[in-house]
Amino acid sequence: MIIKETKLKKSVFGLAAALPLLFLTSCAPENVSEVNVFNWSYYIPEDVRAQFVQETGIKLNYEEFDTNEAMLAKVRTGVNYDVCFPGAEFVPVMISDGFLEEIDSAKLSNYNSIDESFYQKADSFDPGNRYAVPYNVGTIGVVYWKDEIPNPPHSLSILLDPAYKNRIAIMDDTREVYGAAMAYLGFSGNSTNTGQIAQATRLILRWKANALKFETNQMATLFASKEVLIALNFPENILSELDPALADNAAFFLPREGGLAYMDCMVILKNGKNKENAYAFIDFILRPDILARIYDAFGFPGISSQAKVLQTGTPYYTASDLEMHNIRMPLYENNYLYTTPWEEEIKIGN
Amino acid sequence: MKGRAGVLYTLPLMLWSCIFFIIPIIIVFIYSFLAKGLYGGVVWQFSLKAFSALFSWSFFRVSLVTLLIAVLSTILTLLIALPVSYYLARTKNNTLLLALVVIPFWVNLLLRVYAWIAILGREGFLNHLMTFLGYRGEPVQFLFNFWAVVIVHVYTYLPYMILPLYSNIEKFDFGLLEAARDLGATHMGSLVRVMLPNIKGGIVTAILFAFIPTMGSYAIPDLVGSTNSHMLGNSIAYNIRTANNWPLASAISLVLTLISALGIMIYFFLNRKPARHKVREAP
Amino acid sequence: MIKKPHALSRRIYWLTVVFLFLPLAVLMLYSFNASRSFKFSGFSIKWYYSLFSRWIAPEKIAAVFPELGARELAQIVERSKNIWTAVRNSFAIAFATGLVSTVIGALGAIGLSWYRFSYKKFLQGVSFVPLLLPEIITGVSLLIFFSSILRLKLSLITVLIGHISFCLPFVLLIIIARLEEFDYSIIEAARDLGARERDILFRIILPISAPGILAGFVGALTLSLEDFVVTVFVQGANSPTLPVFIHSLIKRGVPPEINALSVFLILFTVVLILSIRNFIKYIGK
């Protein structure tokens with residue numbers, strides 16, 4: 001009796017186990033040539049991606065993240081990407097954690113389209129340029145509605161203006177926001193001085209009290225629907241989303257206090273299964289005409305002289321505007337000086 | 001023999017519960033006592049740092065706000081759900097009426113939240129309606145505040161409350177109400193003094209069905225809340241998905257589990273069943 | 001007052017229905033909106049075209065959107081493909097979840113209701129506690145378990161495990177409730193008359209608990225289709241379920257095709273509820 005029952009159970013469970021597998025395998029894509037790319041949102045326009053697929057026939061699985069930390073968290077949980085776009089300060093972390101594959105520059109015919117000076121800058125966090133190819137340099141600033149704020153001070157003091165209480169949204173990113181706050185106070189965003197950081201924390205808490213929310217996901221829709229009039233954010237994330245009819249009314253300034261610039265790179269992940277396609281993707285992106293289209297789409301000044309001559313748009317800020325900005329550097333074991341107050345004093349209560 | 005058949009029947013369930021519930025919960029417990037890695041991950045050494053971060057004014061405030069949102073929206077939901085389920089229970093041929101309550105619950109939660117954004121937004125349906133009706137001031141910011149979060153929670157968990165309440169009230173002997181009225185009670189008085197005590201079990205279940213998920217809510221405050229309606233769920237999600245601080249996320253999860261456990265204990269305390277309701281034991 | 005004893009509760013009921021349906025009505029309204037914004041600027045069914053554009057001839061799509069260029073039209077088709085992939089993922093996961101959790105849950109419910117065994121008390125506690133914990137705890141604990149202990153690659157399989165985990169207690173609850181209504185003495189009688197365990201299961205237990213099992217299956221299906229919180233923690237790359245996909249769209253404002261899709265999902269729901277009701281009635285006879 002029991003034996004029969006066991007048999008019965010076996011068959012029932014066999015069936016139960018097989019069915020979902022059937023469902024899942026029926027969803028799995030056939031063995032096609034593909035590449036898994038994990039990139040910041042607002043970093044490669046859709047039509048450029050479509051062109052890559054068209055020209056190479058490689059299927060592009062494209063996924064986006066909003067902060068370096070979120071990117072690393074996802075990579076760490078074991079999702080297999082082939083190409084990823086970390087910020088400069090996250091490259092050494094990913095190297096030391098063994099996530100990155102060495103890049104063979106000989107396999108990239110367009111390797112030299114990025115200006116040599118940026119390879120030199122990258123050398124400081126990626127000695128010998130072994131793992132990372134620089135992609136872009138940029139910064140955050142203030143996006144605002146011209147009709148509501150005709151004469152903004154070109155300063156971060158606007159974030160404390162009580163006239164805009166609850167009409168301000170601040171980007172939800174540790175180093176970017178600290179970079180702005182430190183610059184406002186006259187310090188460097190790469191500083192490891194605890195007293196300076198504590199002052200910046202107090203300043204950010206005051207910003208927070210005047211702001212509607214810290215936001216990443218809904219930033220563009222928040223601004224477009226005028227729920228907020230001021231956004232401390234990457235300009236491209238908002239301005240490239242606006243209806244062309246509205247875009248003329250929106251404007252952007254870099255605070256005169258300066259700030260911290262990010263430098264993002266392309267890396268190949270060791271875990272990825274499509275190394276050759278990863279090279280094909282990076283090489284495609286490095287083509288001057290493609291770089292020019294990307295930089296134009298998001299109003300970047302760009303880091304490629306070869307692309308510069310092909311660019312037709314007006315960037316939101318120029319390379320010389322960025323002169324006042326330090327490049328954000330890895331802080332290694334001192335990173336917690338920023339993340340701890342951010343997580344435990346600022347973010348825990350949002 | 002019978003004992004073994006029982007084991008056979010329940011073995012898959014037992015295995016699943018142990019592997020995918022007990023072990024993960026134990027791991028969360030252990031992780032909350034570990035140190036955070038430099039750029040996320042954990043270091044396998046004992047540390048109370050995650051818990052020490054919880055002894056701060058801002059964390060206390062988040063817990064308080066979470067509790068406040070959960071309690072307020074549960075009470076509001078109950079106040080709506082009670083008469084609704086009463087009406088359902090007292091109506092014959094109520095299939096359609098029941099379906100009307102259930103159908104919205106089948107549309108994806110995120111879509112419904114998004115629809116609320118479209119309704120309450122500064123350029124949304126409600127502001128347009130107010131302008132249409134003659135309102136001439138600045139558009140009102142209904143969204144991104146404490147009350148928006150409460151309203152959307154009430155909206156989301158109404159069906160969760162109505163169904164258990166309805167199935168409980170349905171079993172209630174309405175003759176008792178008439179008896180009470182014959183003895184001089186008012187309509188409302190008979191409902192409150194006679195019916196409510198009799199459906200206590202259903203009320204407690206319904207409260208838990210709304211309260212527990214609201215305590216762990218994360219998408220709703222993220223989408224329609226602001227800096228002053230941040231909840232524990234957001235803190236957990238932030239520490240997992242962005243800050244890479246797994247020990248802190250684990251510690252906050254433990255706090256949330258403890259608060260829920262408190263709710264469960266109150267549930268069992270209020271819901272001590274008389275003997276006849278005991279789960280039937282096989283002879 | 002005495003004439004209409006439920007006047008107040010009836011009013012509250014209908015107000016509540018209005019409250020519950022208001023967002024759905026708004027979704028429907030915007031699915032027929034000629035423009036993308038929240039302002040209604042004329043009736044149009046073009047978003048239905050773009051929702052189904054992956055199966056429609058390109059010339060037809062171009063005729064519906066004369067103002068768009070080739071690149072934008074390609075994007076519409078691409079979006080349509082992504083939407084339907086997410087729908088397919090969601091339904092595949094939901095059906096698999098329903099199947100597995102119903103089988104495990106039905107067997108467990110039978111064992112817990114009618115048999116005695118050593119770890120019964122323990123199992124009763126353990127299998128119902130998840131019901132009383134916020135879902136986010138399930139999500140976080142499974143994520144940490146998968147990625148740090150099992151070192152599983154996050155994929156649709158981990159999503160499936162997550163969904164089964166939070167659906168099981170519900171399925172169990174629904175089926176046990178059904179079994180409790182049933183008189184155990186029938187089984188005793190059958191056993192006294194010499195029926196074998198297998199016959200008891202197939203000829204008695206399963207037929208009478210069929211409505212409960214079906215209800216459990218539908219319950220699991222619903223919970224799985226709806227879930228965002230657990231999924232968002234245990235999902236892998238490039239295989240979003242519908243809720244996760246919709247969440248990723250909120251960033252740029254949800255495209256109107258999604259409104260059109262939700263209209264279809266509402267209709268699907270209504271049809272499903274009605275047919276299940278009739279099916280249960282049919283079985284009950």
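Chain letters run A, B, ... following the sequence lines, proteins first, then strands; residues in each count from 1.
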Rounded to the nearest 0.5 Å, how far apart are [atom1] of [X] and [atom2] of [Y]?
X	Y	atom1	atom2	value
Leu132(C)	Ser260(B)	CG	OG	8.5 Å
Arg112(B)	Glu226(C)	CZ	CD	5.0 Å
Phe117(C)	Thr10(B)	CZ	OG1	3.5 Å
Ser262(C)	Leu110(B)	OG	CG	12.5 Å

Count the heavy-atom pairs under 4.5 Å between each of [options] and chain B, then report the option with the highest count.
options	result
Leu29(C), Leu142(C), Val17(C)	Leu142(C)
Val232(C), Ile164(C), Leu265(C), Val129(C)	Ile164(C)
Asn259(C), Leu22(C), Asp227(C), Leu131(C)	Leu22(C)
Pro243(C), Pro169(C), Gly139(C)	Pro243(C)
Thr222(C), Val140(C), Ile258(C)	Thr222(C)

[X] versus chain C, heavy atoms under 4.5 Å apart: side chain, backbone, both or neither?
X	answer
Ser250(B)	side chain
Ile259(B)	neither
Ile236(B)	side chain
Ala249(B)	neither
Leu82(B)	neither
Leu208(B)	side chain
Ala237(B)	both
Leu109(B)	both
Leu111(B)	both
Thr95(B)	side chain

Side-chain heavy atoms of Leu133(C) within contact of Thr257(B), under 4.5 Å: yes
Between [X] and [Y], which heavy-atom pair has the shortest distance, and what is it?
X	Y	value
Leu20(C)	Tyr155(B)	O-OH, 2.6 Å
Tyr13(C)	Val101(B)	CE1-CG2, 3.8 Å
Ala118(B)	Tyr30(C)	CB-CE1, 3.9 Å
Tyr9(B)	Gly111(C)	CB-CA, 3.8 Å
Leu158(B)	Thr16(C)	CD1-CG2, 3.7 Å

Can you say whether [X] sits under 4.5 Å from chain B via the side chain, the backbone, both, or neither, judging by heavy atoms?
X	result
Phe268(C)	neither
Leu249(C)	neither
Leu15(C)	neither
Ser147(C)	side chain
Leu168(C)	side chain
Phe19(C)	both

Donor-acceptor pairs are to be reported for all side-chain atoms of residues 14-31 of chain B against protein atoms at under 3.5 Å, with residues two or more places apart or in another chain.
from: Trp16(B); atom 1: NE1; to: Ser165(C); atom 2: OG; distance (Å): 3.1
from: Ser17(B); atom 1: OG; to: Leu13(B); atom 2: O; distance (Å): 2.9
from: Tyr31(B); atom 1: OH; to: Ser148(C); atom 2: OG; distance (Å): 3.0

Test log, rule side-chain contact (heavy atoms from CB on, under 4.5 Å), inputs Trp116(B) and Val26(C): CA-CA 9 Å; Trp116(B) 277 109; Val26(C) 167; over 6 Å; no
Ring geometry between Phe233(C) and Tyr218(B) (parallel below 30°, tilted from 30 to 60°, perpendicular above 60°):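 Plane angle between 30° and 60°, so tilted.
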Option that, when pairs with chain C are counted at under 4.5 Å, heavy atom only, ranks first among Ile103(B), Ile212(B), Val113(B), Asp222(B):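 Looking at each of Ile103(B), Ile212(B), Val113(B), Asp222(B) in turn, Ile212(B) comes out on top.
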Winner by heavy-atom pair count (cut-off under 4.5 Å) against chain C, out of Ile162(B), Leu256(B), Thr91(B), Leu97(B): Leu97(B)
Evaluation steps, side-chain contact (heavy atoms from CB on, under 4.5 Å), between Leu8(C) and His187(B): CA-CA 12 Å; Leu8(C) 180 67; His187(B) 181 61; over 6 Å; no
